[in-house]
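Contents: one structure, followed by commentary.
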Amino acid sequence: MWLCLAALVGLYYLVRWYRERQVVSQLLDKFVFITGCDSGFGNLLARQLDRRGLRVLAACLTEEGAEQLRRQTSDRVETVTLDVTKTESIAAAAQWVQERVGDRGLWGLVNNAGVSTATAPNEWLTKQDFVDVLNVNLLGTIEVTLSLLPAVRKARGRVVNVSSVMGRLSLFSGGYSISKHGVEAFSTPSVIGVRELSPFGVKVAIIEPGAFKTNLADPKRFMQSLRAAWERAGPEVRAIYGEDFLAAYMKLGRSFKSPFRQDLPLVTDCMEHALTACHPRTRYSPGWDAKLFYIPMSYMPTFLVDAIIHWFSPRPAQAL
């Protein structure tokens with residue numbers, strides 16, 4: 001019995017390996033639009049796809065980021081400035097994309113732009129702190145997708161949305177996990193994938209990276225945003241939590257430096273596979289921490305996850 005089971009499992013992985021190695025034809029004629037290309041995953045993916053021969057349309061927040069990317073790539077890469085929080089900027093970028101892809105349509109849309117701050121106890125934050133994150137990570141993803149869906153549908157192409165393991169498991173306060181849970185809900189196959197886009201030949205993939213060393217996960221930024229939130233909190237809130245809590249929270253943030261050593265190509269290789277494979281996966285979880293810690297933890301009973309988080313978390317000065 002066990003031998004038969006092992007044979008079936010081995011056969012499953014052999015078939016999956018074979019299917020996932022099949023590559024889409026005529027890649028050199030296909031356009032891919034990527035947001036958030038100033039640095040990090042977006043910048044690396046633009047250069048990676050350029051080396052593969054695809055036509056890359058790279059959106060950067062700043063002209064400086066766009067100029068730097070142009071110097072690093074071939075003339076197949078074209079850049080545009082895009083602020084995903086502004087409707088007029090998205091509309092202009094969508095028109096710019098349409099002018100370039102024409103009747104061929106847009107093969108790939110990669111919603112990569114994102115921010116992570118402010119990360120602090122929710123009571124230290126304001127509504128605007130949440131709005132600033134949601135506008136980029138969630139509402140920006142939604143509006144860019146809706147604006148470019150006609151072009152993607154024409155090409156029977158791909159939508160690749162960058163979520164996070166924090167979209168499965170909320171370990172920190174602030175708007176980041178909320179926004180990534182929203183990206184998961186927006187991208188889930190049963191909604192946008194199967195129900196809305198698969199009838200037109202469009203495939204949707206979700207990228208759920210673990211911890212990687214990008215500007216998004218810069219410990220210095222974490223410290224700065226935490227300190228700023230603490231300074232904005234009222235005297236009553238500061239008295240409830242205490243300076244020792246702040247120091248412990250900052251120490252906890254510094255302790256997360258070690259996981260941020262994973263190579264960024266682990267993520268961009270998943271993005272490339274989602275764009276170029278005949279049979280892409282629905283979800284990709286790059287990073288050993290994602291596979292061995294965060295995802296298994298997301299399936300644990302809630303009381304157990306809460307107990308683990310409580311064990312690691314610092315206690316406020318006036319905690320019961």
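Sequence positions, counted from 1, serve as the residue numbers for this chain. As the structure is a computational prediction, the values presented were derived from the model and not from experiment.
- Trp124 and Phe245 have perpendicular rings, their planes meeting at more than 60° on a 0 to 90° scale where under 30° would count as parallel.
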**OP:** Show your working on side chain to side chain contact (heavy atoms under 4.5 Å, CB included) between Tyr249 and Asp244 and close with a plain yes or no.
**Re:** CA-CA 9 Å; Tyr249 208 92; Asp244 289 344; over 6 Å; no

Original post:
Yes or no on side chain to side chain contact (heavy atoms under 4.5 Å, CB included) for Leu226 and Met250, after CA distance, side-chain angles and deciding distance?
Top reply: CA-CA 8 Å; Leu226 184 64; Met250 295 183 79; 3.3 Å; yes

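- Between the Asp83 side chain and the Ser89 main chain, no donor and acceptor come within less than 3.5 Å of each other.
- Between Asp132 and Val115, every side-chain heavy-atom pair lies at or beyond the 4.5 Å cut-off.
- Checking Asn161 against Ser187 by side-chain atom types alone, a donor-acceptor pair falls below 3.5 Å.
- The closest side-chain donor-acceptor pair between Thr268 and Gln48 falls under 3.5 angstrom.
- A side-chain N or O of Ser163 and one of Glu184 form a donor-acceptor pair less than 3.5 Å apart.
- Here the side chains of Gln72 and Asn43 are in contact, with some heavy-atom distance below 4.5 Å.
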Original post:
side chain to side chain contact (heavy atoms under 4.5 Å, CB included) between Phe212 and Phe41: does it pass, once the steps are laid out?
Top reply: CA-CA 10 Å; Phe212 285 83; Phe41 300 136; 3.8 Å; yes

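- A donor-acceptor distance shorter than 3.5 angstrom exists from the side chain of Arg100 to the backbone of Trp96, with no hydrogens or angles considered.
- The heavy-atom pair separating Gly65 from Asp38 by the smallest distance is CA-OD2, 3.6 Å.
- Hydrophobic clustering places Trp311 together with Leu169 (ILVMFWY residues linked when any side-chain heavy atoms are closer than 4.5 Å, directly or through intermediates).
- Looking only at side-chain heavy atoms (C-beta outward), Ile34 and Val56 come within less than 4.5 Å of each other.
- A 6.0 Å sphere centred on CD of Glu236 holds no more than 12 heavy atoms belonging to other residues, nucleotides or ligands.
- With values rounded to the nearest 0.5 angstrom, Ile206 atom CD1 is found 4.0 Å from Arg283 atom CZ.
- When all heavy atoms are compared, the tightest approach of Gly114 to Asn137 is CA-OD1, 3.1 Å.
- Cluster annotation: Met166 and Phe312 are assigned to the same hydrophobic cluster (Ile/Leu/Val/Met/Phe/Trp/Tyr, side-chain heavy-atom contacts under 4.5 Å, transitive).
- Side-chain contact between Val267 and Tyr284 is absent, with no heavy-atom pair separated by less than 4.5 Å.
- Put simply, the side chain of Asn112 does not reach to within 4.5 Å of the side chain of Leu45, judged on heavy atoms.
- Ring pair Phe172/Tyr176: centre-to-centre distance not below 6.0 Å.
- Taken to the nearest 0.5 Å, the CD atom of Glu67 stands 8.0 Å off from the OG1 atom of Thr79.
- Side-chain contact check for Ile295 versus Lys291: every heavy-atom pair is 4.5 Å or farther apart.
- Judged by distance alone, with hydrogens and angles left aside, the side-chain atoms of Lys203 form a donor-acceptor pair with the main-chain N or O of Cys278 at under 3.5 Å.
- Checked for salt-bridge contact, Arg47 and Asp50 miss the test: no charged N lies under 4.0 Å from a carboxylate O.
- Formation of a donor-acceptor pair under 3.5 Å by the His181 side chain with backbone atoms of Ser177 is found in this model.
- At least one side-chain heavy atom of Pro280 sits under 4.5 Å from a side-chain heavy atom of Arg158.
- Leu171 and Val165 fall within the same hydrophobic cluster, defined by Ile, Leu, Val, Met, Phe, Trp and Tyr side-chain heavy atoms under 4.5 Å apart, directly or through other members.
- Follow the hydrophobic side-chain contacts under 4.5 Å out from Leu109 and you reach Leu149 in the same cluster.
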**OP:** Take Val101 and Leu57, measure what side chain to side chain contact (heavy atoms under 4.5 Å, CB included) needs, and give me the verdict at the end.
**Re:** CA-CA 10 Å; Val101 303; Leu57 305 175; 4.1 Å; yes

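- In this structure, Arg16 places its CZ atom where more than 12 heavy-atom neighbours from other residues, nucleotides or ligands lie under 6.0 Å away.
- No side-chain heavy atom of Glu64 sits under 4.5 Å from any side-chain heavy atom of Gln68.
- Of the options Asn111, Asn135, Thr87, a side-chain hydrogen bond (donor to acceptor under 3.5 Å, both in side chains) to Glu143 is made by Thr87 and by none of the others.
- Judged by distance alone, the side chain of Arg238 and the main-chain N or O of Ala233 form a donor-acceptor pair under 3.5 Å.
- Note: the hydrophobic cluster containing Val9 does not contain Leu11 (ILVMFWY, side chain heavy atoms under 4.5 Å, direct or indirect links).
- Pairing each heavy atom of Ser170 with each of Ile309, the nearest pair is O-CD1, 4.0 Å.
- The CG atom of Leu292 lies 11.0 Å from the OG atom of Ser285; values are rounded to the nearest 0.5 Å.
- To the nearest 0.5 Å, atom CZ of residue Phe33 and atom CD of residue Glu78 are 11.5 Å apart.
- Side-chain contact annotation: Glu123 with Tyr241, donor-acceptor N/O pair under 3.5 Å present.
- Of all heavy-atom pairs between Ala248 and Pro314, the closest is CB-CB, 3.5 Å.
- Nearest approach of Lys30 to Val24, heavy atoms of both residues: CE-CG1, 3.4 Å.
- The CH2 atom of Trp230 sits 5.5 Å away from atom CG of Leu246, with the distance rounded to the nearest 0.5 Å.
- Other residues, nucleotides and ligands place more than 12 heavy atoms under 6.0 Å from the CD atom of Glu231.
- If you take CZ on Arg21 and NE2 on His279, they are separated by 13.5 Å, rounding to the nearest 0.5 Å.
- Under the 4.0 Å criterion applied to side-chain N and carboxylate O atoms, Arg232 and Asp129 are assigned as salt-bridge partners.
- Of all non-hydrogen atoms in Arg104 and Asp29, the two that sit nearest each other are NH1-O, 4.1 Å.
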